[in-house]
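Notes follow the structure.
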Amino acid sequence: MIAGYRLDRTTEGWLRTVYSYLYNFLIGVLFGWPHRDINFSFKLMRREVIEAIELRSEGSLIDAELVVKAKNLGFVIQQIGLDYFPRSRGRSTLSSPAVIFKMLAEMVELFGDMHHPRRRVLGRQGAGGA
């Protein structure tokens, strides 16, 4: 898996930068692997990675769940820095209290599963069949 991180985060504002730093630090402490920008959406992986992981998060924890489970299932993860251009429309909701609360609640709920994920076994349907 290749997971991107933003080379320059100064355009996001100080509060968002602090939230992101704390969240990435928390993920590193809880799951034993420091990640520079866990919620940056750029992820590139082989099909076998996504087929092996059962994702249960329904919120913004999904990026951390994907990366942590991939790591704990033995997949290699390489982080690469990417140029980041701020969005031209809309606003991020990641720093809203509701989103932060949901992320923390899911982290508590999925903690054990993220530490010790089971490899998903797909039948014929998951392997591309109808």
Side-chain angles (χ1 to χ4, degrees):
M1 174 187 289
I2 298 172
Y5 62 88
R6 290 167 263 216
L7 288 170
D8 179 12
R9 299 197 69 156
T10 58
T11 59
E12 296 179 301
W14 70 271
L15 186 59
R16 176 78 186 270
T17 301
V18 169
Y19 283 163
S20 293
Y21 175 79
L22 292 173
Y23 181 62
N24 289 317
F25 177 77
L26 181 62
I27 293 296
V29 168
L30 292 176
F31 300 105
W33 187 63
H35 197 283
R36 292 185 64 162
D37 196 357
I38 199 86
N39 273 2
F40 188 49
S41 296
F42 182 88
K43 312 262 188 315
L44 184 65
M45 69 204 83
R46 291 178 173 257
R47 177 186 218 145
E48 71 179 278
V49 175
I50 200 70
E51 287 178 346
I53 298 170
E54 179 183 357
L55 295 172
R56 296 178 44 210
S57 174
E58 294 181 5
S60 295
L61 184 71
I62 198 157
D63 287 291
E65 182 184 14
L66 174 64
V67 172
V68 167
K69 284 183 173 181
K71 175 200 159 282
N72 288 338
L73 286 172
F75 292 104
V76 174
I77 300 167
Q78 179 67 46
Q79 299 180 74
I80 61 168
L82 299 171
D83 288 324
Y84 171 70
F85 302 98
R87 64 179 78 213
S88 58
R89 293 190 174 145
R91 299 182 71 185
S92 172
T93 59
L94 273 177
S95 58
S96 74
V99 171
I100 292 170
F101 178 75
K102 182 170 183 153
M103 285 168 63
L104 293 173
E106 283 189 333
M107 198 178 302
V108 169
E109 178 186 347
L110 300 176
F111 182 81
D113 186 45
M114 288 172 71
H115 262 287
H116 305 288
R118 288 176 285 169
R119 187 175 289 265
R120 187 168 64 164
V121 179
L122 298 176
R124 291 177 59 83
Q125 284 185 322

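A quick note: this is a predicted structure, and the numbers were derived from the prediction, not measured.
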Shared hydrophobic cluster for [X] and [Y] (ILVMFWY, side-chain gaps under 4.5 Å):
{"X": "Leu26", "Y": "Val108", "value": "no"}
{"X": "Leu61", "Y": "Tyr5", "value": "no"}
{"X": "Phe101", "Y": "Leu110", "value": "no"}
{"X": "Phe25", "Y": "Ile38", "value": "no"}
{"X": "Tyr21", "Y": "Leu15", "value": "yes"}

Residue pairs fulfilling salt bridge (Lys or Arg N to Asp or Glu O under 4.0 Å) with at least one residue in [range], sequence neighbours excluded:
{"range": "residues 69-80", "answer": "Glu65-Lys69, Lys69-Asp113"}
{"range": "residues 19-28", "answer": "none"}
{"range": "residues 17-35", "answer": "none"}

To the nearest 0.5 Å, what is the distance between [atom1] on [X] and [atom2] on [Y]?
{"X": "Glu106", "Y": "Glu58", "atom1": "CD", "atom2": "CD", "value": "6.5 Å"}
{"X": "Ile62", "Y": "Asn39", "atom1": "CD1", "atom2": "CG", "value": "10.5 Å"}
{"X": "Asn24", "Y": "Asp37", "atom1": "CG", "atom2": "CG", "value": "5.5 Å"}
{"X": "Ile77", "Y": "Lys43", "atom1": "CD1", "atom2": "NZ", "value": "9.5 Å"}
{"X": "Ser60", "Y": "Met107", "atom1": "OG", "atom2": "CE", "value": "10.5 Å"}
{"X": "Met114", "Y": "Glu109", "atom1": "CE", "atom2": "CD", "value": "11.5 Å"}

Locate the shortest heavy-atom distance separating Gln79 from Pro34; write the atom from each residue and the value. NE2-O, 3.5 Å
Shortest non-hydrogen contact from Met1 toward Ala70: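 That closest heavy-atom pairing would be CE-CB, 3.9 Å.
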Output the rest of the hydrophobic cluster of Leu44: all Ile, Leu, Val, Met, Phe, Trp and Tyr residues reachable through side-chain heavy-atom contacts under 4.5 Å, sorted by chain and number.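 Under the 4.5 Å side-chain rule, Leu44 groups with Ile2, Phe40, Phe42, Ile80, Leu82, Tyr84.
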Can you confirm whether [X] sits close enough to [Y] that some side-chain heavy atom of one is under 4.5 Å from a side-chain heavy atom of the other?
{"X": "Arg46", "Y": "Phe75", "answer": "no"}
{"X": "Leu73", "Y": "Val49", "answer": "no"}
{"X": "Leu66", "Y": "Met45", "answer": "yes"}

Run the side-chain contact (heavy atoms from CB on, under 4.5 Å) test against Glu54 and tell me which residues pass, sequence neighbours left out.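 Here the qualifying residues are Arg56, Arg120.
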Non-neighbouring partners of Phe31 that pass ring pair (Phe, Tyr, Trp, His ring centres under 6.0 Å), sequence neighbours left out: Phe111, His115
Walk me through it: do Tyr23 and Met103 pass the test side-chain contact (heavy atoms from CB on, under 4.5 Å)? CA-CA 10 Å; Tyr23 181 62; Met103 285 168 63; 3.0 Å; yes
